Amino acid sequence: MERIATVERIFNFSAGPAVLPTEVLQQARDEMLNWHDSNMSVMEMSHRGKEFMSIAKKVEADFRELVGIPGSYKVLFLSGGASSQFSMVPMNLLRKKKGADYINTGMWSKKAIKEAQRYCNVNIAASSEDTNFTYAPTQDKWKLDPNAAYVHYTPNETVGGVEFNWTPNLGNNVPLVADMSSSILSRPLDITQFGLVYAGAQKNMGPAGLTIVIVHEELLGAAIPGTPSMFDYKIHADNASMYNTPPAFAMYVTGLVFEWLKKKGGLVEMEKINIAKANLLYDLFNTTDFYHCPVTNSDRSRMNVPFTLKNTALNGEFLKQAEDCGMFQLKGHRSVGGMRASIYNAMPIEGVVTLVEFMKKFASIHA
Ligand SMILES: *Cc1c(COP(=O)(O)O)cnc(C)c1O
């Protein structure tokens, strides 16, 4: 948590690529030219050589340990971003069925839906578009198709700041699929409730370029005819994510983040810290009407906190003064307006404390 005296670091509230732990960046720096007496950089290693193979093995083992992933699930380290998963999921999981259920809770859900529509009938089982995505529809409102191949949802909508604080219970054999790009590793995860989980690394895990897929082995091997090899989960699983060159350096840095998380006490401890960080901001919204958070109380994200200023004419001044105080990337997404503070695992609590103090002062000056 401490700031490093020799390194000036801003508080980076970017939604992604996002802040990484300073300790991780320092270790990557220290190992940059000579990884573990190999006299090579990780960037220069053959992905099939013994050095990188040992890195890859540890990355997967640490990830499995952090989440608690049983052997019946494969963990894949892929490139192509979470956006490629919008296509890979239907290509691999339809299994001769004609449709899939999607829950529409924001910009990323919509992108997933648009891509799935190329391959199947998409049933929008629930949507919060009626309010421009300010809540997570409760499961009693979902109109699921009994013949759906799977149910897809986005547990944390990065743009709207809407998070499901519960896991859907489908109570049958329909696989639950989740895009956890902006919330994975922010809290404990019971993977047995899911058929497939995917996440781009650049929000809460590591550098851009790596996407992790956790998939139950029973779902492998039924890709639709014509699926390119690179889009077939089974091919990646059978080749331990080495069918082609994996995003090796991103995997290595992500592995350092996993070691950092383990040292911090794992996902149970991270969740406690994340709740404390998020509450600092949400408590402020409850005590002032200078700032406003559009999201329903029960569905407010612990990772991405959108808020608007009552007087939008002050937006520019707010951002400028925040930067003067060392806080960057607070501008909200254009679809929501105002501000967004992304406070992923690697954002130290002192960053959030500094932001809240600044916001209180700004409000008192401009009230
Ligand atoms: C950022 C993000 C994506 C897109 O990730 P890419 O790696 O850029 O493809 C998808 N879903 C969610 C929830 C995201 O936050």
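This structure is a prediction, so every number in the text was calculated from the model and none was measured. When a ligand or atom number is given, it counts from 1 through the structure's own listing order.
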E259: what forms a salt bridge (Lys or Arg N to Asp or Glu O under 4.0 Å) with it, not counting sequence neighbours? K58
Considering only non-hydrogen protein atoms, determine which one is nearest to atom 5 (O) of ligand 1 and report residue, atom name and distance to 0.1 Å. A82 CB, 3.5 Å
What protein heavy atom sits nearest atom 1 (C) of ligand 1, and how far away is it? K203 NZ, 1.4 Å
Side chain or backbone of F86 under 4.0 Å from ligand 1, or both, or neither, by non-hydrogen atoms? side chain
Going by the rule salt bridge (Lys or Arg N to Asp or Glu O under 4.0 Å), which residues pair with E44 if we only count those two or more places apart in sequence or in a different chain? none
In the protein, what heavy atom is nearest to atom 9 (O) of ligand 1, and what distance, to one decimal place, separates them? S83 OG, 2.6 Å
Do the charged groups of K277 and E350 touch, with an N to O distance under 4.0 Å? no
Hey, is K110 close enough to E129 for a salt bridge, meaning N to O under 4.0 Å? yes
Could you tell me the residue and atom name of the protein heavy atom closest to atom 11 (N) of ligand 1, and the distance to it rounded to 0.1 Å? D179 OD2, 2.6 Å
Using a 4.0 Å heavy-atom threshold (strictly under), name the region of Q202 that reaches ligand 1: side chain, backbone, both or neither. side chain
Please work out, at 4.0 Å between heavy atoms, whether the side chain, the backbone, both, or neither of K111 comes within that distance of ligand 1. neither
Are any of the N or O atoms of T158 closer than 3.5 Å to those of ligand 1? yes
Have T158 and N304 got a donor and an acceptor in their side chains that come within less than 3.5 Å? no
Hey, does S181 sit under 4.0 Å from ligand 1 if you only count heavy atoms? yes
Is it the case that the ring center of F164 lies less than 6.0 angstrom away from the ring center of Y153? yes
Geometry only, no angles: is T154 polar-contacting ligand 1 at N/O separations under 3.5 Å? no
